[in-house]
Amino acid sequence: MPATYTLISSNVLTTAASNLTFSAIPQTYTDLVLRVSARSNDAGSDQHSRCYVRPNNSAYDPSYTYLYATGTTASSGREALGSQAGYRFQIPNAAATSNTFCSMEFYLPSYTVTQKKPSSLFSVSENNTTTTNYSWINATAGLMASSTTAITSLYIYDDFGQFIAGSSFYLYGISNA
Amino acid sequence: MPATYEKIATTTLGSVANEIDFNSITASYTDLRLIFNMNGQSVASGVPLIRFNSDTGSNYSQTVLAGQGSVAASARQSSITKIDLGTYTAPQTSQPTLITVDLFSYAGSTFKTCLITWSNDYNGGGSTERTVGLYRSTTAISAIKLKADGSNTFNIGTTATLYGILKA
């Protein structure tokens, strides 16, 4: 029986990088799963950096609805089509507690099918702090509605700084065949 | 080495349907994972549900945490006849919704807990939800039913795949 859950590609950084791309993604799976463990070298005092995942790295922007908590209250927001540069997630930066990395999973089903694509992103960043906004839990529901083309690449970038060495990015394919 | 993550069954709708069933589920895995890419439904009202073992009794309960775009919300229901896959927004007629269901120790002799994620955005509406559901039965789960609300139907192109996860 062919493998159901297969590592397509991995990238564990040995030097800092502001972005990376998983390109030429095989079109032989059913769903994609991206798993990230990352930290930023940005020195902002709010202890986190803003990052994005952008399918196909095109000018197309998704829309999404998100739920997040930062240690005191839970809140929700929405980003409209055309307003964002990709699916957003937060990672600890240089001001955060040392050795802390985010964990993020981005699930993209039916990525080869010519239809609108929903997605799910879940990211967490715990900083051992009681200061609001320094740790995050985020759940995002996304939609790529304007483009129905197959996903052939994923572009991931740190909007404020660079992913530090040791940050890891794994792309898996899930097959229902 | 036996495979850890295996496809058990998959359905892709070539015509609209009110229900999707997985029957005769083997008890040889540890956990189950269901990936349900719902390609819209016939009417933008009512949320789909999940039931186990054809049980329509009041043997279910759920607690939900949701982001609705402007507010975060939570709700709870006990002694209900199903578990809702989503609570706060209905699937649209032409926008997809991604639903995942994780069933832990589904073949064990204790009550069954499931974790449901609901990702439904339609550019100005929708919700992201996390639901914990409890099925108060000590019988192994051998059947799963996904059902649209009332007489609604899931659109063509909707896909549901059941995976088995094995710890040994």
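Residue numbers begin at 1 in each chain, while the letters A, B, ... track the order of the sequences. Hydrogens, waters and symmetry mates are skipped; everything else that's a heavy atom, side chains included, is used.
Taking each heavy atom of B:D121 and A:Y64 in turn, the nearest pair found is OD2-C, 2.9 Å. Across B:I116 and B:I99, no two heavy atoms sit closer than the pair CG2-CG2, 4.1 Å.
Top candidate by heavy-atom pairs under 4.5 Å with chain B, chosen from A:A69, A:A139, A:A80, is A:A139. When each of B:G40, B:S94, B:G125 is scored by its heavy-atom pairs under 4.5 Å with chain A, the top score falls to B:G125. When each of B:T161, B:T10, B:T100, B:N37 is scored by its heavy-atom pairs under 4.5 Å with chain A, the top score falls to B:N37. With chain A as the partner, the residue from B:G124, B:A72, B:P96 showing the most heavy-atom pairs under 4.5 Å is B:P96.
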Test A:Y111 against A:D31 for side-chain hydrogen bond (donor to acceptor under 3.5 Å, both in side chains), laying out the working first.
CA-CA 6 Å; A:Y111 71 103; A:D31 304 334; over 6 Å; no
Under the criterion salt bridge (charged side-chain N to carboxylate O under 4.0 Å, His left out), I'd like the reasoning laid out for B:K82 against B:D84: C-alpha separation, chi angles, the key distance, then a yes or no.
CA-CA 6 Å; B:K82 39 59 179 182; B:D84 295 318; 2.9 Å; yes
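For chain B, the nearby parts of A:Y107 are the backbone and the side chain; heavy atoms of each come within less than 4.5 Å. When heavy atoms are compared at a cutoff of 4.5 Å, B:A66 approaches chain A solely by way of its backbone atoms N, CA, C and O. Proximity to chain A is limited to the backbone of B:T97, based on heavy atoms less than 4.5 angstrom apart. Interface remark: A:S83 contributes no atoms to any contact with chain B (heavy atom separation under 4.5 Å). Both the backbone and the side chain of A:S120 come within contact range of chain B, judged by heavy atoms closer than 4.5 Å. For a residue to count as touching a neighbouring chain, one of its non-hydrogen atoms must lie under 4.5 Å from one of that chain's; by this rule A:T73 does not touch chain B.
In this structure, A:R35 fails the cation-pi test against A:F106, since its NZ or CZ atom is not both closer than 6.0 Å to the six-membered ring centre and inside 45 degrees of the ring normal.
A tilted orientation is assigned to the rings of B:Y163 and B:Y5, their planes being inclined by 30° to 60°.
Distance check: A:C102 SG to A:N127 CG gives 12.0 Å after rounding to the nearest 0.5 Å.
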